[in-house]
Amino acid sequence: MMRRPLLILPAGLLAGLLAFALAYWWQTREHAHLLATPQSELAWLRHEFHLTDAQFDRIAALHADYRPTCATLCRRIAEQNDLLREAVLRTNAVTPKISALVAETGRVRDDCRAAMLAHLYAVAREMPPEEGRRYLGLMLTETCVLQAGRPVDAAHSRPEHAHPGP
Amino acid sequence: MPTEPESRNPSLPLPDARLRRVLRSWEVDDTAPPGFGAAVWRRLESARRPATPGLGEFLAGWLAGCLRRPRFALTYMALLFLLGAGAGAFRGQIRSASTADGLQGQYVQSIDPFFAGVIR
């Protein structure tokens, strides 16, 4: 072999490519597996917060219970927005009706935030204490619970996917 | 040198005395031009010397020579393997972080009605 430099040269390149592929696969295998899971977002939660099977099952049940609530809140927000948009475009000043609609929109949003916060607490309680705190901290940054405190650039950096709800 | 007509027999004496005199007086100047000998030697030397290799040829020869040495060949293979592994791990880490971000976004989407784009 050592007498064949023309073979060693491409063999070295091949070894490098093979090492690249192996290292890449090793590094991405866990997340690739998560992506292939049916409920990949919950699989991510399990992986990220090191949940046991029992903890994961309880959190998955909480998640399933919360989804209809989330869908209802989504619908209420959308309906309220439509009403407000229609009323705003019909006139050129803030009428009592618009004021009432703005207040109602705010109430719906507050309901939504409160329901979500309750869900976040419920999920955090099922986690080990340290992981629960980390979960709450992350979700407060990423969700609308702390709307006013969310940095604008962070909000804009979110991926734009369709909501899986209704 | 002047030649005789083809019809004439070369064994016969030349008929013309004047022609014979001219031929006797004819001398060839065989002295070489100055520097002729040195120029010939220079050409011989340059023909004997091998042509200077180009940079690519030189590098290929050097690399082939190095790769014939087992220690160098092993070092070369190990280096490329390590470089490949390092680059793969680095690229994989970036990819993995990006996937984790995407999955986190999916989870947030699934619990946050505001994330759905209802409120813009």
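The sequence lines fix the lettering, A, B, ..., with proteins before strands; numbering per chain opens at 1. This one's a predicted model, so the numbers in the text were calculated from it and none came from an experiment.
Using a 4.5 Å cut-off between heavy atoms, A:Leu22 makes no contact with chain B at all. If you measure heavy-atom distances from A:Leu120 to chain B, the contacts under 4.5 Å come from the side chain alone. Interface remark: A:Leu138 contributes side-chain atoms only to the contact with chain B (heavy atom separation under 4.5 Å). Heavy-atom distances place the side chain of B:Tyr76, and not its backbone, under 4.5 Å from chain A.
The main-chain N or O of A:Ile98 is found under 3.5 Å from a side-chain atom of A:Thr95 such that the two form a donor-acceptor pair.
By number of non-hydrogen pairs under 4.5 angstrom with chain B, the leading residue of A:Glu30, A:His119, A:Glu48, A:His63 is A:His63. Chosen from B:Ala97, B:Cys66, B:Ala100, the residue pairing most often with chain A at heavy-atom distances under 4.5 Å is B:Ala100.
The pair A:Asp110-A:Arg113 counts as a salt bridge, with a side-chain nitrogen and a carboxylate oxygen less than 4.0 angstrom apart. Ion pair A:Arg133/A:Glu130 flagged as a salt bridge, since at least one NZ, NE, NH1 or NH2 atom sits closer than 4.0 Å to an Asp/Glu carboxylate oxygen.
Note that the CG atom of A:Leu34 and the CG atom of A:Leu42 stand 11.0 Å from one another [nearest 0.5 Å].
Considering only heavy atoms from C-beta on, A:Arg76 comes within 4.5 Å of A:Asp111 through its side chain.
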